[in-house]
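The structure appears right after this line, and notes come after that.
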Amino acid sequence: MNFSDHQIGIYAQGMFTDQRPQITTNLARLEEQAAATLSPEALGYIVASAGSGSTARANRDAFDEWRIAPRMLRSSAERDHAVTVLGTSMPAPLIIAPVGVQTLAHPDGELATVRAAAELSVPYIHSTQASHSFEQIAEAGGDAPRWYQLYWPTDESVLLSFLDRAKASGFTTLVLTLDTTLLGWRPADLDRGYLPFLANLGIENYLTDPAFLAGLDQSVEANPVAAAMHWAQIFPNPGLNWSQLAFLREQWDGPIVLKGICTVADGRAAVDHGVDGIVVSNHGGRQIDGARSSLSALPDIVDAVGDQLTVLFDSGVRTGSDMAKALALGADAVLLGRPFLYGLALGGQDGVAHVLRCLLAEFDLVTSLSGHTGAAELGRESVIRA
Ligand code: FNR
């Protein structure tokens, strides 16, 4: 099936059955539509970024600095975007980014997301800060591919228990997020005095963990505040450093990916420390205000280490065209963040599936119209600096 069949399907429904998409197909405008349905707390937590928001703006602006350079008459009737990344095959180089507390967007939270991802065979990355546990995700996701994103807790018994549970629940690749050893300065949440984790939201992996529960004096039901405060003690880990990666390697047999790499130097360090991949990412601008855009970091990192590591990308991807640009600049796959969350807010599982279908259809059209028969054909010659 061509992803772009979705386009004619939408037209046909509109013309012959008088049904129109409930959620916009303009993926760059999803935020606006979702904002109308989200509570002020959810809006602040999901949409806002660190500090003045300049990193998030830079992420978006960086996509305008590159333009697609379309080639004609190259025959792209037969197209195939399928790739295999770190042993996981996928219909296109697209993965659901790890995003915590998805119940802020919709009561079904991560369960809806993993089900939508499974519908489309798009791999799903489970956040340590999810509102559902490893085991619930495994049950909802069935055979669909899933990876696990680790925030390295300072309590080693919890770390080891998380890794065991992830393995037992069928998560194949481990994504260690490096950029959030402390939470960034987020005025939208600070001004409300609102942090979901302290309301026991987004800490379900912990609250279902025997090692975590062993650290509590009372049950979670008897003293939920103490449970949240215990989380707040073991989550911050600013002491984390490169030398600890060897320990992680001993504990995890599958591929290991470092998320949050923004410089060539750290890309090289990742190679030296024997990991399998990196995600070039600034966490959607949620951590450091005034940081470089993620896309501006990508080409040099790919040039330096792209032949030794799998290089994934996120931060700012909104449309099929954005996805094409990141792949053209050398990413092996892109992670989709906020847009799927907006789909979740607007329509639960169907909303996420809508966003994925539209993104893949737009990507298929943009790449075909610009002379490519598949994602693998995208390269530096596919784009030009504006
Ligand atoms: C995130 N992100 C994130 N990353 C991670 O490694 N673990 C996590 O738990 C979360 N949680 C999270 C919550 C919310 C509400 C957002 C928006 C993002 C970051 C995410 O994986 C990804 O890096 C960004 O979403 C990419 O930026 P854009 O494209 O969404 O702007």
Side-chain angles (χ1 to χ4, degrees), residues 27-28 30-31 34-35 38 41-50 53-63 94-106 109-110 113 123-132 137 147-153 162 173-181 183-184 186 188-189 194-197 201-206 231 235 237 257-262 278-288 291 293-295 297-298 312-319 322-323 325-326 331 334-345 355 359:
L27 300 177
L30 279 172
E31 176 180 319
L38 291 166
E41 286 78 18
L43 195 61
Y45 188 76
I46 293 170
V47 179
S49 299
S54 86
T55 305
R57 284 193 298 278
N59 283 339
R60 292 295 303 135
D61 291 346
F63 280 94
L94 176 69
I95 301 172
I96 301 270
V99 164
V101 219
Q102 293 182 27
T103 45
L104 277 182
H106 188 278
E110 294 84 3
T113 304
Y124 165 86
I125 309 182
H126 180 57
S127 164
T128 293
Q129 294 308 128
S131 303
H132 291 93
I137 295 299
W147 296 2
Y148 168 50
Q149 176 266 322
L150 173 67
Y151 282 131
W152 190 314
F162 279 179
T173 287
L174 182 66
V175 179
L176 172 65
T177 297
L178 309 179
D179 55 24
T180 310
T181 53
L183 285 181
R186 300 179 185 167
D189 299 334
Y194 178 74
L195 185 65
F197 312 119
L201 296 175
I203 58 171
E204 198 58 22
N205 288 316
Y206 302 82
W231 167 82
F235 178 83
N237 192 356
V257 174
L258 302 180
K259 177 170 181 279
I261 299 289
C262 296
I278 56 176
V279 187
V280 175
S281 166
N282 60 26
H283 212 108
R286 300 165 66 77
Q287 285 297 95
I288 301 174
S293 68
S294 191
L295 196 71
L298 180 64
L312 308 176
F313 173 85
D314 77 25
S315 297
V317 174
R318 297 291 175 270
T319 66
D322 295 340
M323 183 174 157
K325 289 178 189 177
V334 302
L335 274 50
L336 186 69
R338 286 182 175 97
F340 88 77
L341 213 50
Y342 300 143
L344 180 64
V355 170
L359 182 74

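Order of listing sets the numbers, starting from 1, for every ligand and every atom in it.
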Any idea which atoms of ligand 1 are less than 4.0 Å away from a heavy-atom of [X]?
X: Ser315; value: 26 (C), 27 (O), 29 (O)
X: Ala97; value: 21 (O)
X: Ile46; value: 15 (C), 17 (C)
X: Leu341; value: 15 (C)
X: Lys259; value: 4 (N), 5 (C), 6 (O), 19 (C), 20 (C), 21 (O), 22 (C), 23 (O)

Can you tell me if [X] uses its side chain to pair, donor with acceptor, with the backbone of [Y] under 3.5 Å?
X: Gln102; Y: Leu341; answer: no
X: Ser315; Y: Asn282; answer: yes
X: Glu204; Y: Ala130; answer: no
X: Gln129; Y: Gly202; answer: yes

Nearest option to atom 2 (N) of ligand 1, as decided by whichever heavy atom of Gln287, His283, Arg318 sits closest: His283
From Phe313, Tyr151, Tyr45 - option closest to atom 7 (N) of ligand 1 by heavy atom: Tyr151
Among all the protein's non-hydrogen atoms, which is closest to [atom], and how far away is it?
atom: atom 23 (O) of ligand 1; answer: Asp314 OD2, 2.8 Å
atom: atom 24 (C) of ligand 1; answer: Gly284 N, 3.8 Å
atom: atom 9 (O) of ligand 1; answer: Ser127 OG, 2.6 Å
atom: atom 21 (O) of ligand 1; answer: Pro98 O, 2.7 Å
atom: atom 15 (C) of ligand 1; answer: Arg286 NH2, 3.4 Å
atom: atom 25 (O) of ligand 1; answer: Gly337 CA, 3.7 Å

Val279 near ligand 1 by a heavy-atom separation under 4.0 Å: no
Check against ring pair (Phe, Tyr, Trp, His ring centres under 6.0 Å), Phe235 and Tyr151: CA-CA 8 Å; Phe235 178 83; Tyr151 282 131; 5.2 Å; yes
Short N or O distance, [X] and ligand 1, threshold 3.5 Å exclusive:
X: Gln129; answer: no
X: Gly316; answer: yes
X: Gly100; answer: yes

Taking all atoms of both residues into account, what is the closest heavy-atom pair of [X] and [Y], and its distance?
X: Ser281; Y: Cys262; result: O-SG, 3.1 Å
X: Ser294; Y: Phe313; result: OG-CE1, 3.2 Å
X: Leu335; Y: Ala97; result: CB-CB, 3.9 Å
X: Ala326; Y: Val334; result: CB-CG1, 3.7 Å

[X] and ligand 1 - part of the residue with a heavy-atom distance under 4.0 Å:
X: Thr177; value: side chain
X: Arg338; value: both
X: Asn59; value: neither
X: Ser281; value: side chain

4.5 Å side-chain heavy-atom contact, Lys259 and Leu312: no
Any side-chain donor near an acceptor of the partner, Thr128 and Asn205, under 3.5 Å: no
Heavy atoms of other groups near Ile288 CD1, more than 12 under 6.0 Å: no
Note: Arg286-Asp179 ion pair, threshold 4.0 Å (strictly below): no
